Amino acid sequence: QVQLLDSGGGSVQAGGSLRLSCTGFGYTYSLYCMGWFRQAPGKEREGVAAIYTGGGKTYFTDSVKGRFTISQDNAKNTLYLQMNSLKPDDTAMYYCAADRVCYYSNYGTLSLTDTEYNYWGQGTQVTVSS
């Protein structure tokens, strides 16, 4: 089985940065799609970023483009989300997710639909104050 461990959350002021990590344990071979999702209180979970681990193709939701980057360190079985220029609207519980199959939207972009990811981390809280 696969286990994902999220870490790196915290409290920062607007304009600050955080780097989230997601380390995989168990049978992590062939987890070709990995992503980050977030859920704020009272809101639905939304996809933030995704990466095709086999080639590095990435996709970001519009609200974080230019501010967040997603990357992987295969030697450490770890996925990262570097978050810069943080805003209060970025406050949420952040979850990493993974699947062995990558799905694409009708526009050819990596999917940020949560139902298409089968493995999930426990979440790490990010709080951005104004």
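Keep in mind the model is a prediction, meaning the values are calculated, not measured.
The shortest non-hydrogen separation linking Ala14 to Ser130 is CB-CA, 4.3 Å. The shortest non-hydrogen separation linking Ala92 to Ala40 is CB-N, 3.8 Å.
With hydrogens and angles left out, the side-chain atoms of Ser17 and Asn84 include a donor and acceptor closer than 3.5 Å. Between the side chains of Thr78 and Thr23, a donor-acceptor pair is found at a separation under 3.5 Å.
In the hydrophobic cluster analysis, where Ile, Leu, Val, Met, Phe, Trp and Tyr join through side-chain heavy atoms closer than 4.5 angstrom, Tyr117 is grouped apart from Val2. Met34 and Tyr80 are members of different hydrophobic clusters when ILVMFWY side chains are connected at heavy-atom separations under 4.5 Å. Hydrophobic clustering (side-chain heavy atoms under 4.5 Å, transitive across Ile, Leu, Val, Met, Phe, Trp, Tyr) keeps Phe37 apart from Leu79. A single hydrophobic cluster is seen to contain both Leu4 and Leu18, as judged by linkage of ILVMFWY side chains at heavy-atom distances under 4.5 Å, directly or through other members.
A distance of 11.0 Å separates CZ of Arg45 from OG1 of Thr113, quoted to the nearest 0.5 Å. In this structure, the separation between SG on Cys22 and CD on Gln72 is 11.5 Å, given to the nearest 0.5 Å. How far CZ of Arg19 is from OG of Ser7: 9.0 Å, rounded to the nearest 0.5 Å.
Summarising the local packing, NZ of Lys43 is surrounded by 12 or fewer heavy atoms from other residues, nucleotides or ligands at distances under 6.0 Å. For Gln3, the CD atom sits in a loose shell: 12 or fewer heavy atoms of surrounding residues, nucleotides or ligands are nearer than 6.0 Å.
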Given side-chain contact (heavy atoms from CB on, under 4.5 Å), test Trp36 with Leu20 step by step and report yes or no.
CA-CA 9 Å; Trp36 288 96; Leu20 306 183; 3.6 Å; yes

Audit row: Val12, Met83, side-chain contact (heavy atoms from CB on, under 4.5 Å) steps and yes/no:
CA-CA 11 Å; Val12 297; Met83 306 185 295; over 6 Å; no

Output, in order, the C-alpha distance, side-chain angles, deciding distance and verdict of side-chain contact (heavy atoms from CB on, under 4.5 Å) for Asp6 and Tyr94.
CA-CA 8 Å; Asp6 304 329; Tyr94 283 71; over 6 Å; no

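Using a cut-off of 4.0 Å between Lys/Arg side-chain N and Asp/Glu carboxylate O, Lys87 and Asp90 are scored as not salt-bridged.
Counting only heavy atoms from C-beta outward, the side chains of Gln1 and Tyr119 approach each other to under 4.5 Å. Side-chain atoms of Phe68 and Leu81, non-hydrogen and from C-beta on, do get closer than 4.5 Å to each other. Taking the side chain as every heavy atom from C-beta outward, Arg38 and Glu46 approach each other to under 4.5 Å. Looking at Gln125 and Thr91, their side chains come closer than 4.5 Å, going by heavy atoms from C-beta outward. Within the 4.5 Å cutoff, the side chain of Cys33 has heavy atoms near those of the Leu110 side chain. You'll find the side chain of Glu116 stays beyond 4.5 Å of the side chain of Asp99, heavy atoms only.
For the ring pair (Phe, Tyr, Trp, His ring centres under 6.0 Å) test, no residue two or more places apart in sequence or in another chain qualifies with Tyr95.
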Side-chain donor-acceptor distances from residues 47-60 under 3.5 Å, at least two apart:
{"from": "Thr53", "atom 1": "OG1", "to": "Leu31", "atom 2": "O", "distance (Å)": "2.9"}
{"from": "Thr53", "atom 1": "OG1", "to": "Tyr32", "atom 2": "O", "distance (Å)": "3.2"}
{"from": "Lys57", "atom 1": "NZ", "to": "Gly108", "atom 2": "O", "distance (Å)": "3.0"}

